[in-house]
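All remarks here apply to the structure that follows.
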Amino acid sequence: MDKPKHEAELIFLFKQIWKWDKGMYLSMALYTIFFSLTPLIAIYVPKLIIDSLQSQDWQRILFIVIGGFVLSASCAFMTEFLRGNYRMRFNAVRYKLIEQLNLTTMTMPYPLTEDADILDKLRTISQTLLNPHAGAGGIMEKLLSIFGSIVGVISLVAVISTLNIWVLLALLVTILATYTLSLKAGQYEEQRGEAYHGAFRRHYYTTETSVDFRFGKDIRMYHLGGLVKAKRDEAAANAITISKGQANKKLGSELLIAVIGLLRDLLIYGYITYSLLRGEIISGDFFLYTGAATTVVFWLSETMRDFSFIQVQRSYVRKYQDFIREARIPEDSGLPVTDFLSGFDIEFQDVSFSYPGSDKLILEHLNLNIPYGERLALVGENGAGKTTIVKLLTRLYEPTSGQILLNGRNIQDYDYTGYQNLISTILQDAKVFPFTLAENIAMETDIDAQRLDATINHSGLQSLVGSLPDGAETWLLKILNENGIDLSGGQRQKMFLARALYENRPFIILDEPTAALDPLAEYEMYQSFDRTIEDRSAIYISHRLSSTQFCDHIAFLEHGRITEFGTHQSLIKQGGSYAELFEIQAQYYRDKKVAEEGGRNAEEC
């Protein structure tokens with residue numbers, strides 16, 4: 001299936017400018033007028049003065065000098081004012097593009113967040129978009145001067161054409177050669193850009209890891225400084241090698257451009273001087289033509305460089321367009337889920353799944369029914385597929401084969417956002433955000449104070465909140481607020497559970513959020529949480545089988561299949577893998593208890 005075509009990059013940018021700040025077009029128009037007048041004043045004023053000197057018309061000379069100064073100063077002031085005004089305006093548009101990129105990144109399909117190619121592409125787009133002189137920002141910046149340059153060049157070319165048409169043709173040929181060389185150098189830089197940004201991403205990650213305090217304990221305990229440095233140096237070496245190749249290509253292009261420019265100047269200025277010596281032009285004309293030639297050479301060279309720059313930077317705008325289009329979740333158009341807010345059944349029908357780019361099946365022909373109000377425990381060893389079930393159920397991924405049904409209908413048929421709002425999920429790697437405690441629980445800005453208080457009480461956070469200087473409005477972490485605090489592992493687990501309670505959704509999934517707690521604390525928290533959620537459906541995932549005995553049913557997974565299913569008591573009676581693993585864990589805690597009691601007795605003696 002062919003990808004839908006996107007509009008041309010420049011048209012896209014012009015539309016963005018029109019959408020966010022139409023005043024930029026007025027700035028462009030006024031800048032073009034004043035910018036193109038500046039060189040004409042610069043070349044005609046000296047000519048008029050020299051011509052007037054021959055007639056010694058001092059009054060006329062004074063008028064020309066004063067008038068030229070006023071015009072020149074006015075144009076200079078207006079161009080600088082308009083340039084500064086335009087720069088603020090185009091940066092505001094660029095920030096809108098950055099905002100759109102950020103929103104797309106936060107909502108794009110989850111599988112893309114684990115795709116290395118997508119991450120490299122995102123790094124490339126982000127770096128060029130954050131740089132006001134590259135990508136979309138670079139193009140908008142060049143657009144301001146390029147129109148004025150074109151108008152100015154046309155007027156100067158008209159002046160030079162009165163001298164000799166062959167001089168003009170030679171000038172245009174050399175400028176075209178300059179453009180071609182600049183374009184090729186830019187294209188090479190762009191071709192190697194993907195590789196450079198990939199190496200830079202790896203270097204950035206290793207650099208950030210070395211200064212990220214979250215890795216501080218591991219780096220020190222395992223003396224990882226050497227390993228991290230080696231990875232960083234390897235990535236840096238790759239980036240430097242690519243960068244050197246780009247620089248050498250650009251240097252070669254610049255040297256050729258300089259040689260062409262030298263030959264061009266010899267031809268043009270030689271012909272003008274020859275014409276003056278032969279009396280074909282007068283002194284005033286000499287200054288007129290040399291000034292026009294100097295300015296047009298400079299402007300044409302810069303304009304051609306700008307065109308080649310825009311040609312190269314267009315590719316980054318195209319990457320931005322592609323990413324926004326491909327990464328955006330389609331607008332919700334599925335069936336509404338409002339009828340299911342009070343209850344629904346879930347069924348896995350012959351579901352198999354393998355992660356993108358892999359042929360290994362994580363789940364194989366899995367069948368599972370979860371009636372509304374069910375407390376289901378998913379247990380099994382690492383890699384059995386427990387978390388993968390959660391990812392499929394929450395539509396972070398789609399099954400490779402088979403289907404998941406909501407009240408008998410494929411969950412893919414339902415409105416995406418609406419469906420996700422049916423489920424509260426607390427994952428084993430849930431994160432603390434550098435916001436207030438209240439915002440970390442509610443995960444929104446418009447917080448229901450009454451619901452927040454009830455959630456804090458039901459989750460066991462009331463003693464913590466009561467001890468904090470600003471209560472629930474206390475900031476967490478010191479990233480955005482220097483007075484932010486850090487929570488202990490147990491406090492974090494309670495806060496994560498509070499998130500699920502605050503959302504008040506009909507289906508709740510707990511994917512080992514209590515791993516930091518001891519077994520007894522985990523069991524008690526699960527029991528308390530289970531009483532709090534009342535008649536809602538819930539899936540509990542845990543390595544500790546003792547923590548999920550209260551569940552209505554337990555599904556034991558091995559190698560992506562449900563090998564045992566039933567209540568805790570029935571599975572113990574079966575004497576299968578579940579019973580064996582339960583006995584191993586129970587024996588471990590019995591031995592640990594004996595060892596602890598032995599230690600206490602020894603201390604008493």
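Listed here is the closest heavy atom pair of Ala500 and Ser424: O-OG, 3.7 Å. When all heavy atoms of Leu97 and Ala136 are compared, the pair lying nearest together is CD1-CB, 3.8 Å. Contact record, Thr107 with Leu103: OG1-O, 2.8 Å, taken as the closest heavy-atom pair. Residues Phe496 and Ala430 approach most closely at CZ-O, 3.5 Å, considering heavy atoms. Scanning all heavy atoms of the two residues, the minimum distance from Arg505 to Asn421 falls at CD-O, 3.0 Å. The two atoms that bring Asp306 and Ser145 nearest to each other are OD2-OG, 4.0 Å, heavy atoms only.
Residues Tyr316 and Ile139 fail the side-chain proximity criterion, which asks for heavy atoms closer than 4.5 Å. Contact check for Leu143 versus Leu13: no side-chain heavy atoms found under the 4.5 Å cut-off. When side chains are defined from C-beta on, Asn483 does not count as touching Asp470, because their heavy atoms never get closer than 4.5 Å. Put simply, the side chain of Asn91 reaches to within 4.5 Å of the side chain of Arg94, judged on heavy atoms. Two residues are said to be in side-chain contact when any heavy atoms from C-beta on lie closer than 4.5 Å; Ile17 and Phe90 fail this criterion. Two residues are said to be in side-chain contact when any heavy atoms from C-beta on lie closer than 4.5 Å; Gln16 and Val317 fail this criterion. Between Arg499 and Ile426 the shortest side-chain heavy-atom distance falls below 4.5 Å. The shortest side-chain heavy-atom distance between Met140 and Tyr86 falls under the 4.5 Å cut-off.
Remark: the backbone N or O of Ile411 is paired with a side-chain donor or acceptor of Arg395 at under 3.5 angstrom. Checked by atom type and distance alone, the side chain of Asn440 pairs as donor or acceptor with a backbone atom of Phe433 at under 3.5 Å. Side chain of Thr79 to main chain of Ala76: a donor-acceptor pair is present (N/O by atom type, distance under 3.5 Å, no hydrogens or angles). When atom types are taken as modelled, the side chain of Tyr25 and the backbone of Phe14 share a donor-acceptor pair closer than 3.5 angstrom.
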Chi angles and distances behind the side-chain contact (heavy atoms from CB on, under 4.5 Å) call for Leu129, Leu101: CA-CA 9 Å; Leu129 199 55; Leu101 178 66; 4.0 Å; yes
Pair Leu476-Ile485, side-chain contact (heavy atoms from CB on, under 4.5 Å): steps then yes or no: CA-CA 5 Å; Leu476 302 185; Ile485 66 169; 3.8 Å; yes
Step-by-step side-chain contact (heavy atoms from CB on, under 4.5 Å) determination, Phe307 to Ile150: CA-CA 11 Å; Phe307 273 127; Ile150 291 173; 4.0 Å; yes
CA sep, side-chain torsions, deciding dist, call: Leu477, Asp486, side-chain contact (heavy atoms from CB on, under 4.5 Å): CA-CA 5 Å; Leu477 308 178; Asp486 200 0; 3.8 Å; yes
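Between Tyr320 and Phe12, the angle of the ring planes lies from 30° to 60°, which puts this pair in the tilted group.
Figure legend: Lys142 and Phe309 shown as a cation-pi pair, the cationic atom lying under 6.0 angstrom from the six-membered ring centre and within 45 degrees of its axis.
Here the straight-line distance linking atom CZ of Arg87 with atom CG of Leu144 works out to 8.5 Å at 0.5 Å rounding. Taking NZ of Lys121 as the start and CG of Leu112 as the end, the distance is 9.5 Å to the nearest 0.5 Å. Taking CG of Asp415 as the start and CG of Leu335 as the end, the distance is 9.0 Å to the nearest 0.5 Å. The NZ atom of Lys391 sits 3.5 Å away from the OH atom of Tyr355 when rounded to the nearest 0.5 Å. From Met443, atom CE reaches atom CZ of Phe435 across 7.5 Å, with rounding to the nearest 0.5 Å. With rounding to the nearest 0.5 Å, the separation of CD1 in Ile441 from CG in Leu452 is 5.5 Å.
The closest side-chain donor-acceptor pair between Gln420 and Tyr416 falls under 3.5 angstrom. There is a side-chain donor-acceptor pair under 3.5 Å between Arg314 and Gln311.
Listed by chain and residue number, Val390, Thr394, Ile423, Leu427, Ile509 satisfy the side-chain contact (heavy atoms from CB on, under 4.5 Å) test with Thr425 (two or more places apart in sequence, or in another chain).
Annotation: Tyr31 is not in aromatic contact with Phe147 [ring centroid separation under 6.0 Å not met].
Under 4.0 Å is where a charged nitrogen must lie from a carboxylate oxygen, and between Lys319 and Asp322 no such pair does.
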